Participant: 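What follows is a structure written as structure tokens; I'll ask about it next.
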2 protein chains.
Amino acid sequence: MALPLYCNNYNYSMNNSRFAISLHILTLLEKAKGELMSSDYIAGSININPVLVRKELSNLRNHGFVESKEGKNGGSSLAKSADNICLDEVYSAVKQNNLLGVSKNTPNPQCPVGKQINKHLDNLYESTEKVLLKELSGKTLADFSRAFD
Amino acid sequence: MALPLYCNNYNYSMNNSRFAISLHILTLLEKAKGELMSSDYIAGSININPVLVRKELSNLRNHGFVESKEGKNGGSSLAKSADNICLDEVYSAVKQNNLLGVSKNTPNPQCPVGKQINKHLDNLYESTEKVLLKELSGKTLADFSRAFD
DNA sequence: CTATATTGTAATTTATTTTGTTACAGTTTA
DNA sequence: TAAACTGTAACAAAATAAATTACAATATAG
């Protein structure tokens with residue numbers, strides 16, 4: 001009573017703390033009120049390697065949230081008002097995998113359920129993600145930052 | 001301009017495909033209409049190791065979704081009607097980490113932002129998770145299974 | 001103009017997490 | 001009583017994430 005094995009499609013996952021890191025960075029920059037903040041200082045607050053911070057800053061920059069200045073006394077600052085940064089945008093900027101789990105599953109196409117499950121899981125993931133994004137879109141970086149003492 | 005390093009609290013993460021696996025298992029069992037299905041057969045459909053299936057079945061059993069029979073001709077079946085299994089319950093049964101990312105961050109308590117960020121991230125994660133659960137609670141295993149041809 | 005502080009990024013290593021494998025005891029049934 | 005199962009534990013392998021090293025490029029202060 002065993003189905004023959006079979007494999008095929010493949011996807012990357014990514015369950016890491018990038019959302020937390022990005023939000024931490026953005027909060028620090030909001031509190032800095034436009035003053036440039038170095039990646040070393042940021043890394044010291046998050047307690048992670050400065051190179052990771054710079055990679056995350058690079059992504060945030062590509063999404064228009066921050067801008068950076070190179071050279072001595074350089075650093076980063078917000079590129080737009082914290083009122084205009086919604087958390088769904090931040091989530092979308094860092095998100096790389098599905099909300100409910102990785103999707104590198106390669107079910108057996110000879111099984112009637114296995115053959116279709118990815119399609120139905122995708123539908124489910126997509127609709128739940130929409131709800132999540134809608135929820136996050138109601139909160140701005142300014143709101144988040146304001147909650148700090 | 002660098003904050004001194006400091007570490008402390010620690011959490012486990014878990015970004016894997018357990019939700020997909022559990023839902024796959026439950027769908028197979030629903031389609032089996034009460035007939036016992038072996039972990040080897042299930043593993044063949046999902047295309048993963050049978051031991052992983054048995055571990056997941058163990059968890060589903062502990063949550064009252066399935067029952068299993070040991071010994072020759074043994075296997076598993078649903079312990080309750082697919083109408084009475086909501087997807088938020090399945091999610092809760094497999095979930096071990098935060099929705100928006102792992103939470104093993106150990107920010108610097110000497111930084112005013114680092115000191116409080118975990119509290120605020122937790123709040124955010126909690127409220128978004130509530131929304132997600134509410135969305136999933138509107139869908140049953142029967143609904144999910146029905147979508148298959 | 002030069003030393004220094006900084007960003008930006010690539011390449012590599014290390015750590016962590018997830019998945020798979022092996023092994024085997026216990027349970028039923030034919 | 002042999003065979004087909006479940007249930008777990010222990011370990012190995014693979015995949016992913018994070019840290020580290022290295023260094024070129026850039027800007028500023030002195």
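Per chain, numbering begins at 1; letters A, B, ... match sequence-line order. All values below come from the heavy atoms of this structure, side chains included, with hydrogens, waters and symmetry mates left out. Computed from a predicted model, the values in this text were never measured in an experiment.
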Participant: Could you state the CG-P distance from A:Asn47 to D:dA18, rounded to the nearest angstrom?
Facilitator: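 That distance rounds to 13 Å.
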Participant: Are side-chain heavy atoms of B:Val90 and B:Arg18 found at a separation under 4.5 Å?
Facilitator: no
Participant: Can you tell me which nucleotide in D:dT6, C:dG20, C:dA23 comes closest to the side chain of B:Ser38?
Facilitator: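 Nearest to the side chain of B:Ser38 among the choices is D:dT6.
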Participant: Counting just side-chain N and O atoms, does A:Asn49 come under 4.0 Å of either OP1 or OP2 of D:dT20?
Facilitator: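 Looking at the OP1 and OP2 atoms of D:dT20, one of them is under 4.0 Å from a side-chain N or O of A:Asn49.
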Participant: Starting at atom CG of A:Leu52, determine the distance to atom P of C:dA15, rounded to an integer number of angstrom.
Facilitator: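 So the two atoms are 15 Å apart, to the nearest Å.
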Participant: Could you list who else is in B:Val131's hydrophobic cluster, with ILVMFWY side chains joined at under 4.5 Å, directly or through other members?
Facilitator: A:Val131
Participant: Is a donor on one side and an acceptor on the other found under 3.5 Å between the side chain of B:Asn108 and the backbone of B:Gly114?
Facilitator: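 Not confirmed, B:Asn108 side chain does not pair with B:Gly114 backbone.
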Participant: Strictly distance-based, threshold 3.5 Å: is any side-chain N or O of A:Asp143 a donor or acceptor partner for the main-chain N or O of A:Thr140?
Facilitator: yes
Participant: Decide whether A:Ile21 and A:Tyr41 are clustered together by the hydrophobic rule: side chain heavy atoms of Ile, Leu, Val, Met, Phe, Trp, Tyr closer than 4.5 Å, transitively.
Facilitator: yes
Participant: Generate the contact string for nucleotides 24-30 of chain C. Rules: B means base contact, S means sugar-phosphate contact only, - means no protein heavy atom under 4.0 Å.
Facilitator: ---BBBS
Participant: Using heavy atoms and a sub-4.0 Å distance, could you list which residues of residues 21-30 of chain A are near DNA chain C? By number, please.
Facilitator: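 The answer is none.
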Participant: DNA chain C: A:Gly74 or A:Pro50, which has the more 5' nearest nucleotide?
Facilitator: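 The residue whose closest nucleotide sits nearer the 5' end is A:Gly74.
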Participant: In whole angstroms, how far is the P atom of D:dC5 from the CE atom of B:Met37?
Facilitator: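 My rounded result for the distance is 13 Å.
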Participant: Between residues 55-67 of chain A and DNA chain C, which residues have a heavy-atom gap below 4.0 Å?
Facilitator: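 Output list: A:Ser58, A:Arg61.
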Participant: Could you give the CG-to-P distance, from A:Asp40 to C:dT7, as a whole number of Å?
Facilitator: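 Value for this atom pair: 7 Å.
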Participant: Keeping B:Thr27 on the side-chain end and B:Leu23 on the backbone end, is there a donor-acceptor pair under 3.5 Å?
Facilitator: yes
Participant: Run the salt bridge (Lys or Arg N to Asp or Glu O under 4.0 Å) test against A:Glu89 and tell me which residues pass, sequence neighbours left out.
Facilitator: none
Participant: So that I can tick it off, tell me whether A:Lys119 and A:Asp122 are bridged by a salt bridge, with the cut-off set at under 4.0 angstrom between side-chain N and carboxylate O.
Facilitator: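 No, this pair does not count.
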Participant: Please output the side-chain donor-acceptor pairs of residues 73-85 of chain B that fall under 3.5 Å, not counting sequence neighbours, one pair per line with the distance.
Facilitator:
| residue | atom | partner | partner atom | Å |
| --- | --- | --- | --- | --- |
| B:Ser76 | OG | B:Ser68 | OG | 2.8 |
| B:Ser81 | OG | B:Asp83 | N | 3.1 |

Participant: Step by step, work out the side-chain contact (heavy atoms from CB on, under 4.5 Å) result for B:Phe65 and B:Ile25.
Facilitator: CA-CA 11 Å; B:Phe65 298 125; B:Ile25 292 173; over 6 Å; no
Participant: Just to be sure I understand the rule, does A:Ser39 reach a base, reach only the sugar-phosphate, or reach nothing, if contact means heavy atoms closer than 4.0 Å?
Facilitator: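 Sugar-phosphate contact only - A:Ser39 comes under 4.0 Å of backbone atoms but never of a base.
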Participant: If hydrophobic clusters are built from ILVMFWY residues whose side chains come within less than 4.5 Å, do A:Tyr125 and B:Phe148 share one?
Facilitator: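 Yes, one cluster joins them.
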Participant: At less than 4.0 Å, is any side-chain N or O atom of B:Ser76 found next to OP1 or OP2 of D:dT6? Yes or no.
Facilitator: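 Answer is no, no contact under 4.0 Å.
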